[in-house]
Protein chains: 2
Amino acid sequence: MVNKKCIIRLSRYKSALQRLKALGFVKVFSGNLADAAGVTSSQVRKDFSLFGITGNRRGGYSVDELIAKILEILGKNELQRVVLVGAGNIGTALMRYKGFESGGIKIVAAFDIDPEKINRRSELPVLPLEEFADFVKQNSVRVGILAVPDIAAHHVSELMIRSGIMGILNFAPIQLRGADKVIINNINLEVELENLIYFVNAMQKTGQIE
Amino acid sequence: MVNKKCIIRLSRYKSALQRLKALGFVKVFSGNLADAAGVTSSQVRKDFSLFGITGNRRGGYSVDELIAKILEILGKNELQRVVLVGAGNIGTALMRYKGFESGGIKIVAAFDIDPEKINRRSELPVLPLEEFADFVKQNSVRVGILAVPDIAAHHVSELMIRSGIMGILNFAPIQLRGADKVIINNINLEVELENLIYFVNAMQKTGQIE
DNA sequence: GAGTATTTGATATTTTTTTCACAACAATTT
DNA sequence: AAATTGTTGTGAAAAAAATATCAAATACTC
Ligand SMILES: NC(=O)c1ccc[n+]([C@@H]2O[C@H](COP(=O)([O-])OP(=O)(O)OC[C@H]3O[C@@H](n4cnc5c(N)ncnc54)[C@H](O)[C@@H]3O)[C@@H](O)[C@H]2O)c1
Ligand SMILES: NC(=O)c1ccc[n+]([C@@H]2O[C@H](COP(=O)([O-])OP(=O)(O)OC[C@H]3O[C@@H](n4cnc5c(N)ncnc54)[C@H](O)[C@@H]3O)[C@@H](O)[C@H]2O)c1
């Protein structure tokens, strides 16, 4: 199986291509895409070859075909339904965000233990956590966002996995131990800031970057 | 200069160590830390040697010393002041989050162009964007969080850089072009979800992971 | 329609990152 | 105090990732 970085680059190529398409481009060369995505042209062609994406020698790639192929690889042909646990600060921000839907991702329901947060009427309902397993099974959702406090994160992740969730985007600042056949992407904002701070400090000391 | 992944591992070691300390551990071996952080013991020792962190042969490392050294490397000896631009969904979630402060990071001010968002009275004031440059210079802040809509992101990033910001944590779904001596960490949540979806789909097809 | 210029796709090379392996050493036992 | 055990620190090896190279293909020019 290909590695994570490679799929992230595919997402980048996709965005770049959509931008190029909007600008009227009909075909594109690996070099153009490379520039737009901030990588080398070799990298672009290497990535494509991994997925069996081919172009025309000297003719480059058709923008439309390329977009279609990448969308298919990324599973963007069908709307991807996602659930959210923890309708707090981060959870609410995500629920309000309109950008996911234009990208074919829809948060279909949120879950919380706080009775105050429950709201069945909303277009994006917030349901009690007890209903999580049933909902996920009935709607065969496979991806979930975890936005609960760190103390609850482990417990909730187990519930998610038990209910059939296979991919978790975790915002809690703990390293979740993924079960077999479950993939977990951790977003740790404090670590990201720490990282930035380290490099800024290092840069100020040495005047150098990377 | 060391690479980003390595610093991220340092952050992980730090968290693991703090957990171990809370559990009463006084010393620790590279193997323990490796398990706690999900890496190999060689990796731990290699990382440490990069920063000149040494332990005692056969005696392992003193938890307290190790924590102190890592905190110093990560610049956590002093409170790190950070600014935020864009007091919208994500921005507000970040402003309300209490977890940063316990980690020595403090959002000292937020900025927005929407007059409705301005609030000078709050403990964490939201100020008009026009005051950004002065504020940053006067308070010599070097790290900023960018949480404005994608269309505004490029413009705001330039303002930030011009004002002296050297590290940007960017939430807008565009690839910011970092100037010289400026480091940018992009958080692209849609890409993260896309990634998850890809691997979940791939796993369902092949029954395999990685 | 031949010739030329340019780009892909595959392979080779280089660079980076991770893991291995083990000498050096220090605590503990005998 | 000698032997033993267990852990570090590091240079060497391996693995993984990125980049360079170049023959083959093909679009374009004249
Ligand atoms: N808000 C931020 O900017 C931010 C930044 C970095 C990390 N995080 C992390 O993201 C997570 C969420 O942060 P937040 O600020 O949104 O927290 P929050 O306290 O605002 O929201 C947490 C929500 O989870 C709900 N909850 C608690 N336990 C639950 C459970 N067992 N099952 C279901 N729901 C439960 C709570 O009722 C609440 O609505 C935390 O782990 C936090 O550390 C947040
Ligand atoms: N909310 C999410 O869950 C989410 C998810 C993924 C990505 N993002 C990205 O994060 C960014 C912020 O998202 P959001 O949902 O918080 O948006 P939002 O619209 O809620 O907030 C944006 C804020 O930025 C302010 N703003 C606009 N232009 C500005 C400018 N030039 N200078 C200063 N402030 C300005 C607005 O007044 C508003 O308060 C966007 O780029 C979005 O694509 C958000």
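Owing to the predicted nature of the structure, the values given are computational and were not obtained by experimental measurement. The chains referred to below are lettered A, B, ... by the order of the sequence lines, with proteins before strands, and numbering in each begins at 1.
No salt bridge links Arg96(B) with Glu123(B); every basic N to acidic carboxylate O contact stays at or beyond 4.0 Å.
Remark: Arg9(A) engages Asp47(A) in a salt bridge (charged side-chain N to carboxylate O under 4.0 Å, His left out) (not counting sequence neighbours). Every residue was checked against the salt bridge (charged side-chain N to carboxylate O under 4.0 Å, His left out) condition with Glu130(B), not counting sequence neighbours, and none meets it. Residues satisfying the side-chain contact (heavy atoms from CB on, under 4.5 Å) test with Ala147(B), not counting sequence neighbours, are Leu84(B), Ile90(B).
Note on Gln43(A): every side-chain N or O is 4.0 Å or more away from OP1 and OP2 of dA17(D). The phosphate of dA16(D) (OP1 or OP2) has no side-chain N or O of Lys5(A) nearer than 4.0 angstrom.
Side-chain N or O atoms of Ser140(A) include none that pairs as donor or acceptor with a backbone N or O of Lys137(A) at under 3.5 Å.
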If you apply the rule salt bridge (charged side-chain N to carboxylate O under 4.0 Å, His left out), what do you find for Lys27(B) with Glu65(B), and how did you get there? CA-CA 9 Å; Lys27(B) 66 178 190 177; Glu65(B) 275 180 37; over 6 Å; no

Sort me out a list of protein N/O and nucleotides 1-3 of chain C N/O pairs below 3.5 Å, or just none if empty.
none

Tell me, for nucleotides 7-13 of chain D in 5' to 3' order, what letter each nucleotide earns: B for a base near a protein heavy atom under 4.0 Å, S for only sugar-phosphate near one, - for neither? BBBBBB-

Please output the side-chain donor-acceptor pairs of residues 14-24 of chain A that fall under 3.5 Å, not counting sequence neighbours, one pair per line with the distance.
from	atom 1	to	atom 2	distance (Å)
Lys14(A)	NZ	Glu194(B)	OE1	3.2
Lys14(A)	NZ	Glu194(B)	OE2	2.5
Ser15(A)	OG	Ser11(A)	O	3.2
Lys21(A)	NZ	Asp64(A)	OD1	2.5

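No side-chain heavy atom of Asp112(A) sits under 4.5 Å from any side-chain heavy atom of Val85(A).
In this structure, the NZ atom of Lys4(B) is 13 Å from the P atom of dT17(C), given to the nearest Å. Per the geometry, CG belonging to Asn3(B) stands 13 Å off C1' belonging to dT15(C), to the nearest Å.
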